[in-house]
Amino acid sequence: MLEIRRYHSEQKEEWNLFVARSKNGTFLIDRRYMDYHAHRFSDFSLMIYTEKGALQAVLPAHREDNCLFSHGGLTYGGLVMGNDMTAQKAMQVFDALNSFLADNGIDRVRYKPAPHIYHRCPAEEDLYAIVQCCHARLQFREIASVVPLDGNMPKWSQLRVRGVKKADRQGVQVVQSDDYAGFWNILSDNLLQKYGKAPVHSLEEIRLLAGRFPRNIRLFVAKQGCEMLAGTVIYETEDRIAHSQYISASPRGKQMGALDKLFYHLLTEEYTHMNYFDFGISTEQHGQWLNENLIHQKEGFGARAVCYDTYEWTL
């Protein structure tokens, strides 16, 4: 028998401790990260206990009418599992979850598991269970570009190599920075001109999150003298994965190869101890449109495909 409970703020410490010890949780599932935008979502996160009261799994989620999302405010969510989770136990969890959701007036689930590269150890019991128990179907598939940092990195394109040399000739340097305001000016201008949008995080929000997670969220910039030319906000998952959450360059930075220099530094110096460098997705409209120029640039750095999937089922 399993007991499923709605998450409440007084369980924050228990939740965070479980995520930190889980086999597939990351700091994005920490409530200190999740709750920065709590006002935007109707939280419906769940905690799954054994009959003896041991926490076995948690599900970050929010609710919209009769649909459960896991979790709309996160790049990925899915069932966060303890190290003792097995395939049979996962099937029991989803059977219990479906009954609980149906009793609470939910008849549809949209589920975003964390890609396997974010797992501490193999943790795809949920993918088997949602097909067998929930008859889930793949709803959306997005493609991310990931560089293996274990010595098997594909060669860089000549265009990217030339960009690094061009930046070197002009004295471009890469440093870690706390100047989020300067980078947000570059980023916001680019997003507004290209897509008519603002960054997902406001300047105040990214500063807040970087303050809460100084070991996980870092800003690196390429500069010539005092002028910021390009930058990227990196989300670090322990010593396993560096994810480029935001990337942008000024018009002058683009001409000078500043991004090429920036990522050359990150991939060959800063993050050589990690397993992967994730450039993030290059798709829009839930994967229906591939930004070929963007993914070509990332592949030029030796990145290759990892899919970010979304599944859906009805109760």
Side-chain angles (χ1 to χ4, degrees), residues 23-29 70-72 74-79 110-128 130-131 136-161 163-164 191 194-195 200 220 232-249 259-260 262-268 270-312:
K23 62 179 180 176
N24 63 329
T26 70
F27 79 95
L28 269 69
I29 315 299
S70 73
H71 176 296
L74 300 173
T75 306
Y76 50 78
L79 192 72
R110 187 164 289 179
Y111 186 84
K112 298 189 300 185
H116 68 91
I117 58 174
Y118 286 91
H119 299 171
R120 294 183 179 89
C121 66
E124 294 186 344
E125 291 84 0
D126 61 332
L127 297 186
Y128 180 79
I130 63 173
V131 172
R137 294 183 178 275
L138 181 66
Q139 187 74 10
F140 309 120
R141 169 160 283 170
E142 299 182 280
I143 187 169
S145 301
V146 177
V147 179
L149 300 173
D150 60 358
N152 293 314
M153 184 192 305
K155 290 184 178 180
W156 282 35
S157 70
Q158 286 302 308
L159 181 62
R160 302 277 71 87
V161 172
V164 174
L191 289 176
K194 287 185 177 180
Y195 307 108
V200 173
F220 290 90
T232 182
V233 175
I234 300 294
Y235 278 19
E236 297 181 16
T237 301
E238 299 170 346
D239 286 333
R240 293 180 289 119
I241 299 178
H243 168 68
S244 189
Q245 181 74 11
Y246 291 104
I247 305 169
S248 205
L259 282 176
D260 295 323
L262 174 61
F263 287 114
Y264 178 81
H265 171 83
L266 296 180
L267 293 171
T268 64
E270 190 68 36
Y271 290 121
T272 56
H273 63 289
M274 291 198 168
N275 298 333
Y276 300 102
F277 189 96
D278 182 0
F279 278 99
I281 64 172
S282 299
T283 48
E284 298 178 28
Q285 301 171 12
H286 298 298
Q288 297 302 307
W289 184 72
L290 177 65
N291 188 328
E292 295 182 2
N293 289 333
L294 181 58
I295 199 168
H296 178 72
Q297 180 187 37
K298 296 172 181 178
E299 290 170 344
F301 294 114
R304 295 297 183 265
V306 168
C307 289
Y308 280 55
D309 291 339
T310 301
Y311 298 86
E312 186 169 298

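Looking only at distances, no side-chain donor or acceptor of K23 sits under 3.5 Å from a matching main-chain atom of H119. With hydrogens and angles disregarded, a donor-acceptor distance shorter than 3.5 Å links the side chain of R304 to the backbone of E299. Under the 3.5 Å distance criterion, the side-chain polar atoms of H243 are left unmatched by any main-chain donor or acceptor of Y235. Side-chain N or O atoms of T310 include none that pairs as donor or acceptor with a backbone N or O of K112 at under 3.5 Å. Without hydrogens or angle criteria, K298 side chain to A144 main chain gives no donor-acceptor distance under 3.5 Å. With W156 contributing its side chain and G300 its backbone, the two residues share no donor-acceptor pair below 3.5 Å.
Using a 4.5 Å heavy-atom cutoff, the side chains of I130 and L79 are not in contact. Within the 4.5 Å cutoff, side-chain heavy atoms of Q297 are placed close to those of R160. At a threshold of 4.5 Å between non-hydrogen side-chain atoms, the residues D309 and L138 count as touching. Between L259 and L262, some side-chain heavy-atom pair lies under the 4.5 Å cut-off. Proximity of T26 to I241: side-chain heavy atoms (C-beta onward) are nowhere separated by under 4.5 Å.
The two residues Y111 and P113 come nearest to each other via the heavy atoms O-CD, 3.5 Å. When all heavy atoms of L294 and I281 are compared, the closest pair comes out as CD2-O, 4.3 Å. Nearest heavy atoms, L267 versus T272: O-CG2, 3.6 Å.
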Assess whether side-chain contact (heavy atoms from CB on, under 4.5 Å) is satisfied between M153 and F277, documenting all intermediate values. CA-CA 10 Å; M153 184 192 305; F277 189 96; over 6 Å; no

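Taking the six-membered ring for Trp, F263 and F279 have ring centres closer than 6.0 Å.
A donor-acceptor contact under 3.5 angstrom links the side chains of D278 and Y308, judged on distance only.
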